[in-house]
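Report on one structure; see the data block that follows.
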2 protein chains.
Amino acid sequence: MEALAEYFKVFSEPNRLAVLEALRGGPLNVTAVVEATGLSQALVSKHLKLLTIAGVVQRRPEGSLVFYEVIDKAVFKLLGQTEKLLLATRRHQLDALAAIL
Amino acid sequence: MEALAEYFKVFSEPNRLAVLEALRGGPLNVTAVVEATGLSQALVSKHLKLLTIAGVVQRRPEGSLVFYEVIDKAVFKLLGQTEKLLLATRRHQLDALAAIL
DNA sequence: GCACAGCATAACGTCATCGTGATACACGGT
DNA sequence: ACCGTGTATCACGATGACGTTATGCTGTGC
């Protein structure tokens with residue numbers, strides 16, 4: 001339960017999700033992620049480190065560049081399913097609201 | 001993306017997950033959740049409020065008691081799948097470690 | 001109408017996380 | 001060996017979340 005909450009925390013940050021999303025198409029180096037997301041370099045570096053430690057992403061130095069890659073693309077499936085549940089939840093809320101009004 | 005991160009944040013707290021877990025079997029009133037989790041009453045109340053606002057849980061006063069119930073049990077599916085992915089991730093990490101040693 | 005149980009909220013201290021700006025480090029090219 | 005690009009890290013301030021203790025509120029039974 002502890003560990004599960006920690007894992008969820010990894011995905012509970014908009015900028016971190018943006019970084020992940022940038023990596024959906026395949027490996028990118030840090031600067032490319034910076035350009036794709038519009039975030040500061042320091043911030044991207046931090047988030048990538050976190051994602052690496054979390055085991056979501058893999059670090060691969062290549063010459064003077066450092067490429068990052070999503071290890072298990074199933075994370076994107078998780079993101080998708082979570083979004084789906086989120087939408088269903090919003091529907092329920094609207095239904096509940098409609099039942100009152 | 002914003003909203004998705006917020007939604008993930010709902011599940012990124014051990015005690016909140018414990019509260020959810022307590023509700024897996026069906027509706028419970030606050031005191032019952034307190035007993036099931038061992039958390040303080042005030043804390044349980046807060047987490048339940050959060051879960052309610054998030055649309056995960058539904059509040060239903062019944063006499064002097066207040067029952068809470070998980071609206072869409074699909075959340076438990078989400079928890080399960082996330083845990084599965086977490087385990088797979090751990091496996092990858094161990095594999096990577098083994099490849100080095 | 002009172003007392004009590006159940007639940008919610010307020011106020012507070014504490015701690016973690018986020019983002020930034022500045023700086024250090026690593027590598028390749030010249 | 002030096003410079004520039006790319007990346008990581010540090011130090012800092014700000015913000016927000018969590019948990020506790022204490023107090024309020026609501027409904028029930030006497």
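Per chain, numbering begins at 1; letters A, B, ... match sequence-line order.
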Under 4.0 Å: is that the gap between some side-chain N or O of [X] and OP1 or OP2 of [N]?
| X | N | value |
| --- | --- | --- |
| S40(B) | dT20(D) | yes |
| R16(A) | dT17(C) | no |
| H47(B) | dG19(D) | yes |

| query | If we only count heavy atoms from C-beta on, is the R24(A) to L20(A) side-chain gap below 4.5 Å? | reply |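 No, side chains not in contact.
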What is the distance, to the nearest angstrom, from the [atom1] atom on [X] to the [atom2] atom on [N]?
| X | N | atom1 | atom2 | answer |
| --- | --- | --- | --- | --- |
| E35(B) | dA5(C) | CD | C1' | 13 Å |
| Q41(A) | dT23(C) | CD | P | 15 Å |
| F11(B) | dC18(D) | CZ | P | 13 Å |
| K9(A) | dT17(C) | NZ | C1' | 9 Å |
| L51(B) | dC18(D) | CG | P | 10 Å |
| I53(B) | dA8(C) | CD1 | P | 12 Å |
| L28(B) | dC7(C) | CG | P | 10 Å |
| E2(B) | dC18(C) | CD | P | 13 Å |

| message | Could you go through L17(B) and E21(B), starting from their C-alpha distance and side-chain angles, then the distance that decides it, and tell me whether this counts as side-chain contact (heavy atoms from CB on, under 4.5 Å)? | response | CA-CA 6 Å; L17(B) 287 185; E21(B) 206 58 43; over 6 Å; no
Tell me which nucleotide among [options] gets nearest to the side chain of [X].
| X | options | answer |
| --- | --- | --- |
| V30(B) | dC7(C), dT20(D), dT7(D) | dC7(C) |
| E13(A) | dC18(C), dA8(D), dG6(C) | dC18(C) |
| R59(A) | dA8(C), dC18(C), dA8(D) | dA8(D) |
| S45(B) | dC7(C), dT7(D), dC18(D) | dC7(C) |
| L50(A) | dC18(C), dT9(C), dG19(C) | dC18(C) |
| A42(A) | dG21(C), dC7(C), dT7(D) | dG21(C) |
| L43(A) | dG19(C), dG6(D), dT28(D) | dG19(C) |

| task | Using heavy atoms to find the nearest nucleotide of DNA chain C for N29(B) and E6(A) separately, return the residue whose nucleotide is more 5′. | result |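 Closest to the 5' end, via its nearest nucleotide, is N29(B).
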| message | Please compare S64(A) and L39(A) by the position of their nearest nucleotide in DNA chain C and report the one closer to 5'. | response |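 Closest to the 5' end, via its nearest nucleotide, is L39(A).
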| said: Classify K46(B) by what it touches in the nucleic acid, base, sugar-phosphate, or nothing, heavy-atom distance under 4.0 Å. | reply: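 If one applies the 4.0 Å heavy-atom cut-off, K46(B) turns out to touch a base.
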| task | With heavy atoms under 4.0 Å as the rule, sort Y68(B) into base, sugar-phosphate or nothing. | result |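 It contacts sugar-phosphate atoms only.
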| request: Would you check, one step at a time, whether the test side-chain contact (heavy atoms from CB on, under 4.5 Å) holds for V70(B) with F76(B)? | output: CA-CA 9 Å; V70(B) 172; F76(B) 294 118; 3.8 Å; yes
| query | What do you reckon, is CZ of R91(A) surrounded by more than 12 foreign heavy atoms closer than 6.0 Å? | reply |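 Atom CZ in R91(A) is not packed in, count stays at 12 or less.
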| Given L28(A), which of L48(A), L65(A), L23(A), V34(A) fulfils the side chain to side chain contact (heavy atoms under 4.5 Å, CB included) condition? |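 Exactly one pass, corresponding to L23(A).
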| From L51(B) CG over to Q58(B) CD, what is the distance, rounded to the nearest 0.5 angstrom? |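 Atom-to-atom, L51(B):CG and Q58(B):CD are 13.0 Å apart.
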| query | When you match L65(A) and K49(A) each to their closest nucleotide on DNA chain D, which lands nearer the 5' end? | reply |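 Comparing both residues, the 5'-ward one is L65(A).
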